[in-house]
Each structure stands twice: as C-alpha cells, then as structure tokens.
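One is the number of the first residue; the rest follow in order along the sequence.
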Amino acid sequence: MLQRLFVSILALALPAWATAAPSQVRIVQEDGAYVMRVDGQPFRVKGAGMGGEGQEALAARGGNSFRTWSTGMDEAKVRAMLDRAQRNGLKVAMGIEVGNERHGFDYDDRVAVKQQLERIRREVGLYKDHPAVLMWVVGNELNLHYSNPKVWDAVGGIADMIHTEDPNHPVMTTLAGFDKKLIDLLKARAPSLDLIGIQ
C-alpha cells in the first residue's frame, strides 16, 4: 500500500508530458497528395515561426503549431517551452542550428562536421519523446551564399541519424527559394529528408 502511494505521489510530481507518449507523425501519400498525420489523424499546419513566446495568442487565433530556429542544450528552458506548447494544444517543429558556410563553417572539416552531428544527436535525445514535438527542422536557408555542396551531405547525415534516434518524427530543411538544380542536389545528397520548406 505504501509503495503504491509513493508511486502515485511520484506520478503527480511529474510534468504532464512525462507520462504521455511521443506523437507518431507520418507523411503519407493519399489519393495522389501527401498528407501529414499525427497519431493517425490528418494534421494541416496552421502555424508561425517563433521562439516560444506568444503561444497563447497563436492558439487563440486558431494556430496549431509553430517552428523554432534552434533547440540547444538548455534542457529546462526547452522543456518549459514544450510543456507550454502541450498545454496550449500546439505542436512544435524543432529547429536545429546547423553550421552555415556564410558564417564561417567549413564542410571540408570532417572533425567539425562530426562534432556537429554528435551535438545534434544529444539535442534530439533530450526532446524526442515530448508529445509536443511535431518534427525536426535541420538548418535554416543553408542554400544562401554557399559554394560547398558537402553541406547537403551533412544535412543528409543528420537526417539519417535523427531517423535512427527518433523514428516517430519527420525531418525537414528549409530553403531560401529553390530551383530544379538545388532540389536535384538535395535528392542526391540528402535523400532521407521527409520534406522541404520553402521560405
């Protein structure tokens, strides 16, 4: 009896997400179109980009999701943002900061690329089971002012790793505009991306 009481008290002390299962998010082809399904139900994104503030206003206006630009290792801060999203009925596309060539990241530096992958692996591991997570967004507009196509090899490696670590959520990257040559490059070098966002 005492043990059961202790377990009940412990369960009450845990945040709501800790006892909920991660959302199962799939992108499936139905009747010639692609549909996102969250826990089996169609999910049409009605969202915004933000760092976590303004969630209540977004939800009040009929929003159901938002994206961030970076996740980071401040576990308490990120979990508080995700808990808040869960309370507001919102899903989060988790932005993952990726080195940008125009800001000095060298994709010919194999050590730096490997360190980046391992950092992202740790980030994904921290948050992948939170029920507010919708998907992972690898980098932001990496096609702006780049010359080394190895950036897309790295994006593909990150997507592969995330699929292994977190089979429940899709992986995307976002581009600043696009053309056929760029899409062909992504398909060749990062074929495991589930979708591409165009800004």
**Message:** Let's go through L134 and R67 carefully: what are the C-alpha distance in whole Å and the side-chain angles of both, what is the deciding distance for side-chain contact (heavy atoms from CB on, under 4.5 Å) to 0.1 Å, and is it a yes or a no?
**Reply:** CA-CA 9 Å; L134 179 66; R67 70 157 290 190; over 6 Å; no
**Prompt:** Between I96 and V124, is a side-chain contact (heavy atoms from CB on, under 4.5 Å) present by the stated rule, with each step listed?
**Reply:** CA-CA 9 Å; I96 296 175; V124 169; 4.2 Å; yes
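- A heavy-atom distance below 4.5 Å is not found between the side chains of I196 and T174.
- Atoms CD and CD1, on E141 and I198 in that order, are 10.0 Å from each other to the nearest 0.5 Å.
- Closest of all the heavy-atom pairs between D194 and P170 is OD2-CA, 3.3 Å.
- Contact record, V78 with T71: CG2-O, 3.3 Å, taken as the closest heavy-atom pair.
- Within the 4.5 Å cutoff, the side chain of H130 has heavy atoms near those of the Q86 side chain.
- A side-chain donor from one of H169 and D166 sits under 3.5 Å from a side-chain acceptor of the other.
- E97 and N140 are not linked by any side-chain donor-acceptor pair at a separation below 3.5 angstrom, with hydrogens and angles left out of the test.
- How far OH of Y127 is from CE of M81: 8.5 Å, rounded to the nearest 0.5 Å.
- At a threshold of 4.5 Å between non-hydrogen side-chain atoms, the residues P42 and M36 do not count as touching.
- Listed by first and then second residue, the side-chain hydrogen bond (donor to acceptor under 3.5 Å, both in side chains) pairs that reach into residues 31-46 are E30-R37, sequence neighbours excluded.
- With ring centers used as reference points, Y146 lies under 6.0 Å from W152.
- Judged purely by atom type and a 3.5 angstrom limit, R79 uses its side chain to pair as donor or acceptor with the backbone of L126.
- Between atom CG of residue L142 and atom CZ of residue F105 there is a gap of 10.5 Å, rounded to the nearest 0.5 Å.
- In this structure, the side chains of M161 and T164 stay at 4.5 Å or more apart for every pair of heavy atoms.
- A salt bridge is defined here as a Lys NZ or Arg NE, NH1 or NH2 lying under 4.0 Å from an Asp or Glu carboxylate O, and R84 with E56 meets this definition.
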**Request:** Report the C-alpha separation of E118 and R122 in whole Å, then their side-chain angles, then the decisive distance to 0.1 Å, and conclude whether the salt bridge (Lys or Arg N to Asp or Glu O under 4.0 Å) test is met.
**Result:** CA-CA 6 Å; E118 292 310 311; R122 291 192 301 273; 5.6 Å; no
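- Taking the charged nitrogens against the carboxylate oxygens, E165 and R121 do have a contact shorter than 4.0 Å, which makes a salt bridge.
- Residues K128 and V133 are not in side-chain contact: their nearest non-hydrogen atoms beyond the backbone lie 4.5 Å or more apart.
- Scored by the side chain to side chain donor-acceptor pair (under 3.5 Å) test, D74 finds no partners at all (sequence neighbours excluded).
- Side chains of I162 and V138 form a contact here, defined as non-hydrogen atoms less than 4.5 Å apart.
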**Request:** Apply side-chain contact (heavy atoms from CB on, under 4.5 Å) to K91 and F66, showing your working.
**Result:** CA-CA 7 Å; K91 296 292 184 190; F66 63 94; over 6 Å; no
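- Inspection of the N168 and Q24 side chains reveals an N or O donor paired with an N or O acceptor under 3.5 Å.
- Taking all atoms of both residues into account, the shortest heavy-atom contact from A59 to N88 is CB-O, 3.7 Å.
- Between A20 and P131, the closest heavy-atom pair is CB-CG, 3.8 Å.
- Contact check for V35 versus I27: no side-chain heavy atoms found under the 4.5 Å cut-off.
- In this structure a side-chain-to-backbone donor-acceptor pair under 3.5 Å is missing from Q55 to L90.
- For the pair T173/L195, no side-chain contact is recorded, criterion being any heavy-atom separation below 4.5 Å from C-beta on.
- The CG atom of L58 sits 7.5 Å away from the OG atom of S65 when rounded to the nearest 0.5 Å.
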**Request:** Before giving the answer on side-chain contact (heavy atoms from CB on, under 4.5 Å), spell out for M135 and M172 the whole-Å C-alpha distance, their side-chain angles and the decisive distance to 0.1 Å.
**Result:** CA-CA 8 Å; M135 67 178 70; M172 71 179 293; 3.3 Å; yes
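- For the residue pair N100 and H145, no side-chain donor N or O sits within less than 3.5 Å of a side-chain acceptor on the partner.
- Shortest non-hydrogen contact noted between N143 and G177 is ND2-O, 3.4 Å.
- Here L186 contributes atom CG and K181 contributes atom NZ; the two are 13.0 Å apart, rounded to the nearest 0.5 Å.
- The backbone N or O of A112 sits nowhere less than 3.5 Å from a side-chain atom of Y107 that would complete a donor-acceptor pair.
- When atom types are taken as modelled, the side chain of R61 and the backbone of A57 share a donor-acceptor pair closer than 3.5 angstrom.
- Here the shortest heavy-atom pairing between P149 and L185 reads CB-CD2, 4.2 Å.
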